[in-house]
Participant: 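Just dropping this structure here.
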Amino acid sequence: MKTARIKAKTDKGAYLADKLKRARVRVYSLVLRADGLEIECDGASAARIVRICEEEGAVCDTREPKTVTLRKKIAARAGLIAAALIWIAGAVLSQAFVTGVEIVGADGSSEKEIAALLEREGLNGIVPKASVDGAALAALVETEVDGVSLAEAYVSGSKLIVSVRQTQSEPIPPQGYARVVADRYAIVTRAVVFSGTAAVAPGDVVKPGDTLIDGHIDVGTADEPQLVETGADGEIYGIVYYSARLMFSDTYTVYVPTGNTFTATRISVGNKVIYDSGADHGFAAYTSRGDAFTLKGVIPITVERTYYEETAAEYRETDREYIDKAIAEARTQLLSEIGEGTVVSDGVNEKTSDGALIVDIYYRVEQRIGCGEEPV
């Protein structure tokens, strides 16, 4: 049975979800997002759902999941024996040979010099592990590569690791800026100026790019101003607002496991897929997780598995417990986005519109709002 996935962009998501429910269209899953709805449905119902959504002004994007034919699956299984043989050969070779090189800690020019040195010494291809003298190679890198003060070379698995420490250069003294500008919308609360002249005062509303500190000071008089370039440096603080909006209809959807599962397997040798069982699980709604492992050798072999678990939709009445939990999660997410700063106040406002509950959450935070521009 074919399914379709529809993404409907709209600011009336809750209302549209309720309308689809009343229309009794065949929907497998429906997720309410801040920018609209994500719907998974029976393929035969897709056109009707799109029509209903577009009648309400939504912009729809419809996709059908790819399917894998039985014939392709059967043909792919023929590569299993070949994969096993290659896997065994790769395992044997990886135990005795170095097949790759990794250079750690070097800048661009030093890395090129080390790569050229390894090529000159014949260590840039597949070589026996017994032919690699780590101590001698490290000494050679320290002697011949400019900018390297310490080197270490050793074999790990099938890879030659060359780790270096760069010679420390003299630190660059800090530079001032022509000006310090706002990097976000804010209401200025205080200014600490180390050099230059403050261009804002507490209470000013600024937007990104506005000048906060100018890189000059006036050493003249009111009649004869005389500007001296000092560079701009300092800390400007302001109130920044962080907000989120949640919308709730009278019901919400949860998905519970049915107990049915499916596992898809893919085997690749190098960059070529030699076996793919496909993901034609037939579940209308599901969750998935995957894992993979790679056997590194002359030819790397990768096995990927994806586990699918069927779920079934359950429609539940939106109660206060559900709303409060969603608000708490949204508040936690907002706090994680704030970063450094002091929360001055916060609040939660609720209102009803078009049969939906709309919840606005906000935090007022005092933060540093400036960044340097145009180094002197």
Participant: Where do A313 and Y255 come nearest, in terms of heavy atoms and distance?
Facilitator: CB-CE2, 3.5 Å
Participant: I'd like to know if the side chain of E142 and the backbone of A151 have a donor-acceptor N/O pair within less than 3.5 Å.
Facilitator: yes
Participant: Do E310 and T258 have side-chain atoms, one donor and one acceptor, less than 3.5 Å apart?
Facilitator: yes
Participant: So, taking the atom named OH in Y177 and the one named CG in D214, what distance separates them when rounded to the nearest 0.5 Å?
Facilitator: 16.0 Å
Participant: Donor-acceptor pair, distance only, cut-off 3.5 Å: does the side chain of T230 make one with the backbone of G196?
Facilitator: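 Present.
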Participant: Measure the CG-CG distance between L140 and L118 for me, rounded to the nearest 0.5 Å.
Facilitator: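 The distance works out to 9.0 Å.
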Participant: Where do K296 and E102 land on the salt bridge (Lys or Arg N to Asp or Glu O under 4.0 Å) test, with the steps shown first?
Facilitator: CA-CA 14 Å; K296 297 181 180 179; E102 181 177 353; over 6 Å; no
Participant: How about R305 and Y307: does a side-chain donor come under 3.5 Å of a side-chain acceptor?
Facilitator: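 Yes, a side-chain donor-acceptor pair sits under 3.5 Å.
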Participant: Aromatic contact between Y242 and Y363, with the criterion being ring centroids under 6.0 Å apart: yes or no?
Facilitator: no
Participant: Could you pull out the closest heavy-atom pair between I369 and G238, with the gap in Å?
Facilitator: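 Here I369 and G238 meet closest at CG2-N, 4.0 Å.
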Participant: Calculate, to the nearest 0.5 Å, the distance between atoms CG and CD belonging to L357 and E350 respectively.
Facilitator: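 It comes to 5.0 Å.
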Participant: Over all heavy atoms of both residues, which pair between Y308 and S288 is shortest? Give the atoms and the distance, please.
Facilitator: CD2-CB, 3.7 Å
Participant: Under a plain distance cut-off of 3.5 Å, with no hydrogens placed, do R364 and S345 share a side-chain donor-acceptor pair?
Facilitator: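 Yes, because at least one side-chain N or O of S345 sits under 3.5 Å from a partner of the opposite role on R364.
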Participant: Taking the hydrophobic residues Ile, Leu, Val, Met, Phe, Trp and Tyr, and joining any pair whose side-chain heavy atoms are under 4.5 Å apart, which ones share a cluster with V205?
Facilitator: I187, I239, Y241, V344
Participant: Could you tell me whether a side-chain N or O of S110 sits under 3.5 Å from a main-chain N or O of D107, the two making a donor and an acceptor?
Facilitator: no
Participant: Which heavy atom in A138 sits nearest to a heavy atom in A153, and how many Å separate them?
Facilitator: CB-N, 4.0 Å
Participant: Without hydrogens or angle criteria, can the side chains of E152 and Y154 be said to hold a donor-acceptor pair below 3.5 Å?
Facilitator: no
Participant: Taking K12's backbone N and O only, do any of them form a donor-acceptor pair with T10's side chain (distance below 3.5 Å, no angle check)?
Facilitator: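 Looks like yes, one N/O pair under 3.5 Å.
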Participant: Indicate yes or no for a side-chain donor-acceptor contact from D324 to the backbone of E321 under 3.5 Å, with no hydrogens or angles considered.
Facilitator: no
Participant: Which residues end up grouped with L227 if you chain together Ile, Leu, Val, Met, Phe, Trp and Tyr wherever their side-chain heavy atoms are less than 4.5 Å apart?
Facilitator: none
Participant: Is the backbone N or O of G13 less than 3.5 Å from a side-chain atom of R33, with the two atoms forming a donor-acceptor pair by type?
Facilitator: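 No; judged by distance alone, with no hydrogens or angles, the pair does not exist.
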Participant: On a heavy-atom basis, which atom in V206 and which in A182 lie closest, and how many Å separate them?
Facilitator: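 Distance-wise, the nearest heavy atoms are CG2-CB, 4.0 Å.
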Participant: Quick check: do Y275 and R266 have side-chain heavy atoms less than 4.5 Å from each other?
Facilitator: no
Participant: Per the side chain to side chain donor-acceptor pair (under 3.5 Å) rule, what does the pair list look like for residues 183-199, sequence neighbours excluded?
Facilitator: R184-Q367, T189-E366, R190-E366
Participant: Please determine whether salt bridge (Lys or Arg N to Asp or Glu O under 4.0 Å) holds for the pair R368 and E340, giving the CA-CA distance in whole Å, both sets of side-chain angles, and the decisive distance to 0.1 Å.
Facilitator: CA-CA 8 Å; R368 288 184 60 177; E340 294 184 0; over 6 Å; no
Participant: Between the main-chain N or O of G147 and the side-chain N or O of Q166, is there a donor-acceptor pair closer than 3.5 Å?
Facilitator: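 Answer holds: yes.
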Participant: Donor-acceptor pair, distance only, cut-off 3.5 Å: does the side chain of T221 make one with the backbone of E224?
Facilitator: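 Yes: the side chain of T221 pairs with the backbone of E224.
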Participant: Sort out for me which residue in E337, R331, E329 forms a side-chain hydrogen bond (donor to acceptor under 3.5 Å, both in side chains) with Q333.
Facilitator: E337
Participant: Verify salt bridge (Lys or Arg N to Asp or Glu O under 4.0 Å) between R245 and D360, making sure each step is shown before the conclusion.
Facilitator: CA-CA 5 Å; R245 168 168 287 189; D360 290 313; 2.7 Å; yes
Participant: Between V348 and Y362, what is the shortest heavy-atom contact and its length?
Facilitator: N-CE2, 4.5 Å
Participant: So, T311 side chain and P257 main chain: donor-acceptor pair closer than 3.5 Å or not?
Facilitator: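 Side chain of T311 to backbone of P257: no pair is present.
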